[in-house]
Structures are given as structure tokens and as C-alpha cells.
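What follows is a set of notes on a single structure, which appears directly below.
Keep in mind it's a predicted model, so treat the numbers as computed, not measured.
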Amino acid sequence: MSGISLSRPGRTRRLASSVWLPWTCGLLALLTVAGTVLAAGGRFERGITVPTAVLDGQQAVTTGAAQHVRRALRAGELDLAQLADGLALGSDPAKFDSQIKHFNKRYGRYRSVYVLDAQRRVLAHAGAAAHPDQVPEHPANAGSGDAVRIDKVPVVVQYAPFSYGNNDRAIAVAEYDLVKLRNAFDAVQPATAWVVNGKGEVLASTAGFTAFQPLAREALRRAARTDKPVVSLGDGSADAREIVAAAPIRGGKNPGPSWSVVTARSVNTVLLPETLARDQALLLAQVLAVVTLGLFGWLYVMWLRPLRRLVRDAERVADGDLRDVVEVRRCDELGLVARALERIRVGMAAEVGTRSAHDRRVPAAVSRKVP
């Protein structure tokens, strides 16, 4: 019996290895395939050609954004001119204040609205501090100046001259907060858009930016100087490839400042045949990875852990520990093995009990025969 107890652990360990090793090798092979596809599927070749229709679409979106900005600035000029017409109907500058405050409350795009007289004194004011030094000396018509920095914020000063009272001259002024132009870029998504001045300095953007800082990338700065969309390769990686386009802006009724809208869209967001194949490869890799990990978990929970429990029970019975019952938790082949092992344990326990009783009876009988 000692020979059996020594040989069984080796057999049970070999059984566990023979079950676990092929599964592990197969699942690791699947995981390796998934990783290879994931790595290869995320790469772009530098020779990929973006169709002309995609470039034209990006240019059309950029031109539309430029028109939105142009209309927004023009709307500000018209609203301010309408305010000036209303102020011209009055003769008492003391009443300007209520009209200015109502105007500023109605239109939330201005950081400050005020009225200057001929001596450039502030007659009425609403909002933040006024900056008369940014207004032309004697503007003949309503218009807009170029963007200036006021309290670290890019602002366009719009103005509309008017006459009131006894032919007194005044100017209605509104400081247009360019951060409000963000709403004009809803149509450019998922592209990123920037409004830049003639020097290529950023005035507004759909992304984070520092006012009056140059565009971050050379491809963007180059696009701002032209009106033709280009594909920027960057460093050649997938994340660096983007479609860049630009369109000019005029500030309003007058020629105004020389601004441009620049947009950039990652090639990854364009449904090219190459990107579609890449996306399918990435999806396949993800599915393979999930299936492989699921199979690993299933193999461990359904087979390896119960098999190891059976190995421990078999080794315990082989070592002569017959006190604990071998639990039968399943109805499959492992359950049959557990039932057989439990029958062996019960038989061995009965045999040991019988042998112990016999060993106790023999000394008693011998002792009674001794005189």
C-alpha cells in the first residue's frame, strides 16, 4: 500500500499538467494573434491617399465656419448700429444709461458697452471697464477694429457714431468678447478650429489656447497662409496625420481685419478604406482578446480549480487521511471521478476500521489464554 501512496501524487500531477498545458498553449497563441493584430492594425502607411472629395468637404466645412464668424461679427455691428439709432432719438444723455444696460443684458457676447462723447468722455456704461483708447478718433461709419488684448482676453471693439440733441456727436461702443465665437464652430466637429489674425495668432478656438500665441504646428501656420486644404503627415504616425484647411474672414461691413479660420481633422476620423480595414482589424483583435481571457477564466473555474481539488483529495486519501469526505459538486466526468474517489475513501475507511477491531480482539484473546 505504501507503493501506491507514493506513485499516485505523481500520476495526478501529470494529469493536471496534461489538461492544463494544451489549453494554455492554445489560449496564449490566440492572445498572441490578438496582440499582433492590435499592433499592426493601428499603423498607417505614409502612402495612403486621401480622396479629393474628403479634402473638398473639409474645405467646405471650414468656409462655412468662416461665414458663421463673419455673420456673428456683422450681427454685432448691426445690433450696435440699431442701438446708436435708438440713442440718437433721445436728447438727454442721462437716459442713455438704461438703454446701454438693457442692450448689454440682451446680448451676452459683450464684455463692455458704453457711449463716448466728442471729447471721448464716457456718458453711459454697462459691464466691465471701458477702454476709449481702443476706439478710432472720428469714425465716419459703424465698423469693427482688429482684435486687441483686454484683460488677457482677445476682444474686438465695435463702434457706431451717432448724433443727438443739438447736433452733438457721440459713439456707441461695444467690446465683443471673441470667446463667444465658440458657438460658430458647431458644424466643424470632429475637427478642431482656430480663428487667427493676419499674424497667425490665435484669437479663438474650440480647443484650449493661449490668446495671441502662434498656431502650435507648422502645418496649421502654413494652411493659414493659403486657402487650399492639405494633408499633414506630421511625423508619419497615425495620430499625427491630419487634414488641414483654412478660409479667410472679413470682419463685417467694411473690409475689416484679415482673419482666417483654420481647421484640422485627424485622418483617423475619416472613413477611408484603409481606416475601415484598420478599424475592423482592431475590432477583431479586441474580440480575440476578450474571448481568450474569457476562455482562460472558464478553464480555470470549470476545470483547473476542481481538478486541483481532486488532486488534493486523492493525495490526502493516498496518504491515509480518511477523515474528510470527498465532496461531489458536479455531474460531469469530474463528478464521476469525485464519486469514485469517495467510494475508495469509504472502502479504505471501512477496511481500516475492520482491521483495527481485529487487532484489538487478537491481543484480548491471547491474554485470556495465558495462565
Side-chain angles (χ1 to χ4, degrees), residues 1-43 238 276-371:
M1 184 172 181
S2 60
I4 295 177
S5 64
L6 290 175
S7 61
R8 274 181 184 166
R11 287 203 299 270
T12 53
R13 289 192 184 95
R14 285 195 297 273
L15 176 62
S17 299
S18 65
V19 172
W20 179 242
L21 186 59
W23 276 91
T24 302
C25 293
L27 293 178
L28 284 177
L30 276 179
L31 199 59
T32 301
V33 171
T36 303
V37 174
L38 191 63
R43 288 207 306 265
L276 183 60
R278 183 210 60 192
D279 292 341
Q280 292 174 345
L282 293 178
L283 178 61
L284 174 62
Q286 293 169 355
V287 170
L288 281 176
V290 171
V291 170
T292 302
L293 294 176
L295 287 175
F296 266 116
W298 176 83
L299 177 61
Y300 178 78
V301 172
M302 297 300 295
W303 290 98
L304 181 61
R305 189 167 62 181
L307 190 58
R308 285 178 174 174
R309 187 163 49 244
L310 278 176
V311 168
R312 289 195 298 268
D313 290 338
E315 290 178 345
R316 174 172 54 80
V317 172
D319 291 338
D321 184 0
L322 307 175
R323 293 171 297 177
D324 296 331
V325 176
V326 177
E327 297 183 9
V328 180
R329 303 182 181 183
R330 302 168 59 141
C331 298
D332 55 7
E333 289 77 3
L334 290 181
L336 294 176
V337 174
R339 289 190 184 92
L341 184 60
E342 173 61 14
R343 288 197 297 269
I344 292 174
R345 185 196 68 83
V346 171
M348 291 179 64
E351 182 181 352
V352 170
T354 302
R355 185 178 302 167
S356 297
H358 178 268
D359 291 343
R360 287 195 298 271
R361 287 196 299 271
V362 170
V366 172
S367 62
R368 283 196 297 270
K369 292 179 181 180
V370 176

>> Test side chain to side chain contact (heavy atoms under 4.5 Å, CB included) on Leu336 and Arg339; report intermediate values, then the result.
In response: CA-CA 5 Å; Leu336 294 176; Arg339 289 190 184 92; 3.9 Å; yes
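- Scored by the side-chain contact (heavy atoms from CB on, under 4.5 Å) test, Val287 finds Leu283, Val291 as partners (sequence neighbours excluded).
- Arg316 pairs by the salt bridge (Lys or Arg N to Asp or Glu O under 4.0 Å) definition with Asp313, not counting sequence neighbours.
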